Amino acid sequence: MTTAPTIPGDAGQAIALDVDDIQAGALSERPSPYVGRYLLLRVDDPRHGRELVRRLAAVAAIGPDTPGSAADAWTTVAFTYRGLEKLGVPPASLAGFAPEFREGMAARAQELGDVGESSPEHWEEPLGSPDVHVAISVLAPDAARLGAVAERARAASDDLGGVEVIWRQDCYQLPSGRTSFGFKDGIGQPDVEGSGRPLRNPTEEPIKAGEFVLGYPDETGSLPPMPSPDVLGRNGTYLVFRKLHTRVAAYRRFLRERAADRAEEELLGAKMVGRWPSGAPLAVAPDGDDPGLGADPARNNAFRYGDDRRGLKCPAGAHSRRANPRDALEHEMSVDTRLHRMIRRGTSYGPPLPAGVLDDDDQDRGIIFVFAGTHLDRQFEFVKTQWLNDGVFIGTPEEKDPLVGGSDGHGTFTIPHRPIRRRLTEKPPFVVTRGGDYLFAPGLRAMRWIADLDT
Ligand code: HEM
């Protein structure tokens, strides 16, 4: 079955996405609140691995639109390149995957800025290691529904001696509904043409489905490269999976030391993120938080930066504006931001640092960053390397992203202001990469194709 086309394509063609074959993880917004679980598995015996894939295909087929008790809990299954190799996907098919995926995330560490304490030699085991073959994520609105579906996913490998669960990470929406730094997340998302999901950003035409799902035209009008045979690639998507530890106490101290009072602390934090804690964008609410705006999906993503070229409302270097400059680069650089859009499906892990605490408690907390898209190179890697880890494109070459850009402890962040700008210096790193990998989440038919391989 396919969805009824909701929006005509540029060429006047109707786009119909085969949503019954596409795994729920990419196109479905996570519930709020949510609880979730990630499992990583190693496959030692390809036959057992393929049997696992067969069982997981049945679990992953239960999506948010499936009637029944598990209706809003869902499982996404994805594979590393090594995992596909291990499962017996033929070399000719493997050769058709994106080069970055084939290399794996650890091998891309230098390019991605995963250096120093974020470098793979310090990653949590087994993240980034050759042992990671299969990744499973389960998301649900509450623990009861998570438990039922997660147990099905876990039990799929129970009697298969040649498959082992080697890592587990639980995640959940913090009681505040925000991430560990105190900000609402997951708001700035592209509308996807033909997905049937409600449109959130009236200032941006929906992005072509081929930017996020293989087998459909992308923004260039072409089909994104995909592996053969057709059944393997179609309706699949690449995922970026990264465990990012957040240094919340260091972040709070940094603001405290530079602000005269709590209001200024909040302002400096908002300038770094580009949104207020509630999610209200600075571009719309430059002078103070507006919780009504932050909570309103019809308004909290409906803005551009065109009337704020100098960044007096939202600094050009703010995290959200770097990650998606919207129309800000159209004039000077003719950059087409539509080629660099990302679906993010991140979740929080670890206990919150209690309000007001400024000392580190050595707890592991942060974000499981998940990106979905068809172009690892011009989407995730481009945004990470050119926009977050570099400041050339906004005329401040020495500045990196204030929130997530790697730093040697001497980072700077410029806040445009009249009559004189403000510059925050000696910024330590607030985010450390604990590990991750590039994954491929195939369509359900592709999973059954893999399960049926006979090698
Ligand atoms: C611990 C790490 C990170 C934290 C705490 C974080 C936090 C946030 C927050 C609070 C927002 C604003 C709310 C929203 O629009 O959803 C945001 C937006 C965004 N972030 Fe991050 N982020 C992190 C890492 C990353 C990374 C590594 C990337 C990309 C490589 C990224 C890409 C984006 C994008 C694309 C947006 C939406 C911008 C928009 O459309 O306006 N983030 N992030």
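Atoms within a ligand are numbered from 1 in the order they appear, just like the ligands themselves. Because the structure is predicted, anything quoted here is derived from the model rather than measured.
Among all protein heavy atoms, the one lying closest to atom 5 (C) of ligand 1 is I367 CD1, 3.3 Å. Atom 40 (O) of ligand 1 has N324 ND2, 2.9 Å as its closest protein atom, hydrogens excluded (heavy atom only). Among protein heavy atoms, the minimum distance from atom 26 (C) of ligand 1 is reached at F369 CE1, 3.4 Å. At the top of the distance list for atom 16 (O) of ligand 1, counting protein heavy atoms only, stands I187 N, 2.6 Å. Residue, atom and distance of the protein heavy atom nearest to atom 18 (C) of ligand 1 are R344 NH1, 3.3 Å. At the shortest separation from atom 41 (O) of ligand 1 among protein heavy atoms lies R326 NH2, 2.7 Å.
Side-chain contact check for F79 versus V132: every heavy-atom pair is 4.5 Å or farther apart. The shortest distance between side-chain heavy atoms of L244 and V404 does not fall below 4.5 Å.
For the residues E204, M342, K243, R341, the heavy atom positioned nearest atom 32 (C) of ligand 1 is part of M342. Closest heavy-atom approach to atom 25 (C) of ligand 1 within the set R247, Q379, H245, H319: this belongs to H319.
A heavy-atom separation below 4.0 Å is not found between R242 and ligand 1. The closest approach between D185 and ligand 1 falls below 4.0 Å for a heavy atom of the residue. The shortest separation from a heavy atom of S320 to ligand 1 is under 4.0 Å, placing the residue in contact. Under the 4.0 angstrom criterion for non-hydrogen atoms, G366 is not in contact with ligand 1.
Between G188 and ligand 1, an N or O atom pair is found at a separation short of 3.5 Å. Note: no N/O pair closer than 3.5 Å links T246 and ligand 1 by distance alone.
Annotation for ligand 1: atoms under 4.0 Å from non-hydrogen atoms of R275 are 12 (C), 13 (C), 14 (C), 15 (O). Below 4.0 Å from some heavy atom of V273 lie the following atoms of ligand 1, by number and element: 10 (C). Taking every heavy atom of F380 and a limit of under 4.0 angstrom, the matching atoms of ligand 1 come to 30 (C). In the vicinity of V404, heavy-atom distances shorter than 4.0 Å reach the ligand 1 atoms 2 (C), 3 (C), 23 (C), 24 (C). Taking every heavy atom of F183 and a limit of under 4.0 angstrom, the matching atoms of ligand 1 come to 10 (C). Counting the atoms of ligand 1 from 1 in the order shown, those under 4.0 Å from a heavy atom of L388 are 26 (C), 28 (C), 29 (C), 30 (C). Distances below 4.0 Å separate heavy atoms of K184 from the following atoms of ligand 1: 10 (C), 13 (C). Applying the 4.0 Å criterion to heavy atoms of F181 picks out, from ligand 1, the atoms 5 (C).
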Query raised in the report: Does the pair D142 and Y34 meet the rule for a side-chain hydrogen bond (donor to acceptor under 3.5 Å, both in side chains), with working shown?
Result: CA-CA 6 Å; D142 54 51; Y34 63 84; over 6 Å; no
Report task. Check the pair R252, E257 against salt bridge (charged side-chain N to carboxylate O under 4.0 Å, His left out), reporting the backbone distance first and the verdict last. Result -> CA-CA 9 Å; R252 287 182 188 169; E257 286 159 9; over 6 Å; no
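Ring orientation note: the planes of F371 and F380 are tilted relative to one another, at an angle of 30° to 60°. Ring geometry, Y81 versus F101: the interplanar angle exceeds 60°, so the pair is classed perpendicular (tilted spans 30 to 60°). Ring planes of F382 and H340: parallel class, angle under 30° (limits at 30 and 60°).
Residues R418 and L312 come closest through the heavy atom pair NH1-CD1, 3.2 Å. The minimum heavy-atom distance between R258 and L424, with the atom names listed, is CD-CD2, 4.2 Å.
Counting only distance, with no hydrogens or angles, the side chain of R168 and the backbone of R37 share no donor-acceptor pair below 3.5 Å.
Under the side chain to side chain donor-acceptor pair (under 3.5 Å) rule, E124 has a single partner from R434, H245, K243, which is K243. Applying side chain to side chain donor-acceptor pair (under 3.5 Å) to R423 and the options T396, T414, T412 leaves one that passes, T414.
The existence of a salt bridge linking E219 and K208 is excluded, since no basic side-chain nitrogen approaches an acidic carboxylate oxygen closer than 4.0 Å.
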